[in-house]
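In this text the structure is predicted, and so the values were computed from the model without any measurement.
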Amino acid sequence: MSDDILIDVQGVSKKFCRDLKKSLWYGLQDLGNELRGHRHGSSGQLRPEEFWAIRDISFQVKRGECLGLIGRNGAGKSTLLKILNGLLKPDEGRIRLRGRIGALIELGGGFNPILSGRENIYIGGSVFGFSRAEIDKKLDEIIDFSELEEFIDMPVRNYSSGMKVRLGFSVAVHLDPDILFLDEVLAVGDAGFKLKSYGKMTELLNRCAVVFVSHSMPTIARASNRIILMKDGTDAYYGDDISYGIEQYLDLFDGEVSENAFSDGVQIHDIRLNVDYTQQVSGQTAVVNYLEDLIFLINLDIDIKHEFFDIQIWITDKDMKNVANYSSGTFGNTLRNTGDTMSVKIRWPECCLTNGEYSTTVIISKPIEIKNGSRAREDRIAVYQHILKFKVRGFKGLQWAPFHFQGQIELHKRLEDCQST
Amino acid sequence: MTDQSSTRLPETVYTPDSSVAKPREMLRDMFRDLARSGDLAWRLAVRDIQAQYRQNVLGILWAFITPLFTTLTWIFLQGSGIVAVGATDIPYPVYVFTGTMLWAIFTDAMNAPMNQTQSASGLLAKFNFPREALIVSGIYKILFNAGIKILLMLGALVIIGIYPGWHLLIFPLGIVSLILVGTALGLLVTPIGMLYKDVGRVIPLGLQFLMYLTPVVFAMPKDGWVATLFQINPLTPLILNARNWLTGFPPEQMTYFVIVNLLAVLMLLIAWGAYRLVMPILIERTGA
């Protein structure tokens, strides 16, 4: 093993049992086997009601690298992390770790509610294997980073979940680990603390090997050099093409089309996307190339009681995050209802959404009136949720971000020259 | 990264192989972890003792209220003639009071490993720390509670007018033996007890029965098959001698006393190994 490989995982597998009674019985058998010096988990065969929770996972992480673990719930990410941290024993394979290990597998756990934050720092530190003197040295830094000075002598029982996260994360990262295992730990803190934590993680990455579980793709994209996409316990993807891996992950969610939420006299007959609208059949997933114009065609009827209307289009990604919105009213394009069937065409030039699948929600609302200079609440007539799905293809790049702008770049001698063009 | 500093890094290896297959390494790891667990064990013990008394008005008194009530019950049973307990060398109230106090120290030790493991389940499933810390902190707590009981016993003896004399110097040996045997037995049943709750229910029943076969509330019978049972009960020399040393009587059954202690040391070592092996299984099977 080369010197800077701190985490070396070779063909690790783990069996789980679906049935509790059988599971306990197998546990007793495993214990019996171990006491007689036999290997854990009997043979490589599955016993009745068992399945592979982790199957043949291999990877290496060097100092300075961060491996992102992604996958749907129950794909085996947390189990893998628990095996890495020695909490569970693998049924097959081999794990070699070099250096001091800091792990934050689950947050809020491990704190004693009756004791103060300060007392818990000492307990947490000694759980990670640090002496009193070492913790003494780091105490101020830990408290400082957690921003909990005022509350540090208060019982942890009265802490909010966010405060517990701060405390746990501060302890884990300040004790100079060589290896850091983090499981969804940054999901809870507030925005300010998250930002600070990323900064700290980037700093740690210089001297640390990190394995990191998250469901937040922007976080994964930002922190990881490599990713493993786990699917049913196996690695569906392992490599350094973060954007490909994330796309594969998002593709795991077969977007179930949910029908419209409500409608007050609006009937959308057809919605199509792009170019050749004679070919595009509604309901199918359209494919758009990166930097191509996005053109929506909506065929609809609106009850004549609504004289004017606005159209909004919301684009959400597989994570159900809003990535782009359009509202005709914002640009003063309020439409007048003809009372007949109408066809609306909306064009967005040069789609710079990244590769992936997107879902379109269409909202018809009454024009927003401006009263006393402030805008009143919008009054919705109809909401059609996830009425159209489309995929974006053709962006080539390793980084992952929701948007990739196509820029023009120039090189000049002086700043003033740049201004003149 | 220089080569020098990276070669000094501690290495951790996890495989499916049983560590029992390499007993020397296993023993080395066990004692290394035991040494590493000291600080944590102390903190956990202090934390638990503080927590134990923070939410109790009577606080420390609870350590002896239960044995006191047992004592009163037996004094009543004996005095009213409902139960014949046999003749004792010291006044019966002293006999039964010291007996139940010493017995309580033993049962505390016996219950500690399982209680400690159960109450630390949240910690166990999330952090990899030397598991020995739980056992050691359990022992710290037993020592603390035993200390209170001993002070109370000594106080009571002085009031009654019984002076233990120089035998008191050996008395700690009796306490250590009780805790040693209790911990060894308790630790031995913990691996299975944590998987199957039935074990946890059987233990109090067994202990109650065992108490009547040990000279706790009854005096040693002189003859008959019950006397034989008392004689072979390994707890008999422990209770007997601890009480003798405390009340100024010469020790009895010293050979058996030594044998029981040696066996307990061996049993403790085996139980400790099994305890380490069961931990990952426990976390996997019960979520700890």
Side-chain angles (χ1 to χ4, degrees), chain A residues 3-4 6 12-14 16-17 20 23-28 30-31 33-41 63-64 82-101 103-106 109-110 112 114-115 119 122-124 126-132 178 207, chain B residues 1-3 5-23 26 36-44 46-48 50-51 54-55 120 122-130 133 191-192 194-196 270 273-274 276-286 288:
Chain A
D3 255 359
D4 54 347
L6 298 186
V12 164
S13 300
K14 181 79 203 162
F16 271 171
C17 184
L20 178 68
S23 178
L24 291 176
W25 176 236
Y26 294 153
L28 209 60
D30 288 353
L31 178 63
N33 281 333
E34 290 223 37
L35 286 173
R36 285 180 290 135
H38 297 196
R39 70 202 302 263
H40 188 82
R63 199 181 282 280
K82 283 188 171 179
I83 296 175
L84 287 177
N85 195 22
L87 295 169
L88 300 177
K89 215 170 171 181
D91 284 324
E92 282 174 19
R94 182 183 173 82
I95 294 158
R96 268 179 97 177
L97 306 171
R98 286 152 52 84
R100 203 169 235 192
I101 300 153
L104 224 50
I105 299 292
E106 216 171 305
N112 185 301
I114 297 176
L115 299 186
E119 288 168 306
Y122 279 100
I123 289 182
S126 46
V127 161
F128 283 132
F130 295 89
S131 70
R132 190 189 169 86
D178 296 297
R207 45 177 204 273
Chain B
M1 224 30 255
T2 63
D3 282 358
S5 67
S6 61
T7 45
R8 276 193 288 114
L9 289 178
E11 192 171 287
T12 319
V13 177
Y14 299 121
T15 66
D17 298 323
S18 167
S19 43
V20 176
K22 294 172 183 165
M26 186 177 181
R36 270 184 17 194
S37 68
D39 200 33
L40 178 60
W42 179 252
R43 281 190 188 290
L44 291 176
V46 171
R47 170 191 94 171
D48 287 349
Q50 282 176 347
R54 230 172 252 189
Q55 289 196 330
L123 215 56
L124 283 169
K126 285 158 198 156
F127 295 103
N128 191 355
F129 60 92
I192 297 171
M194 289 299 295
L195 284 172
Y196 290 100
I270 293 168
R276 285 171 63 94
L277 292 179
V278 83
M279 273 305 158
I281 296 174
L282 212 61
I283 294 166
E284 174 185 342
R285 301 296 169 180
T286 66

(message) At a 4.5 Å cut-off on heavy atoms, which part of A:Leu20 comes close to chain B: side chain, backbone, both, or neither?
(response) side chain
(request) Look at B:Ile281, B:Ile192, B:Val278 and state which one has the largest set of heavy-atom pairs under 4.5 Å with chain A. (result) B:Ile281
(request) Would you indicate whether the side-chain heavy atoms of A:Glu119 and B:Arg47 approach each other to under 4.5 Å? (result) no
(request) Under the salt bridge (Lys or Arg N to Asp or Glu O under 4.0 Å) rule, collect the residues that match up with A:Lys89, sequence neighbours excluded. (result) A:Glu34
(message) Need one label for A:Asp178: side chain, backbone, both or neither, based on atoms under 4.5 Å from any heavy atom in chain B.
(response) side chain
(message) Please classify the contact of A:Ile101 with chain B as side chain, backbone, both or neither, using a heavy-atom distance under 4.5 Å.
(response) side chain
(request) Return the minimal non-hydrogen interatomic distance between A:Gly37 and B:Ala21, and the atom names on each side. (result) O-CB, 3.8 Å
(request) Examine A:Arg94 relative to B:Tyr14 and say whether NZ or CZ is less than 6.0 Å from the centre of the six-membered ring and inside a 45° cone about the ring axis. (result) no
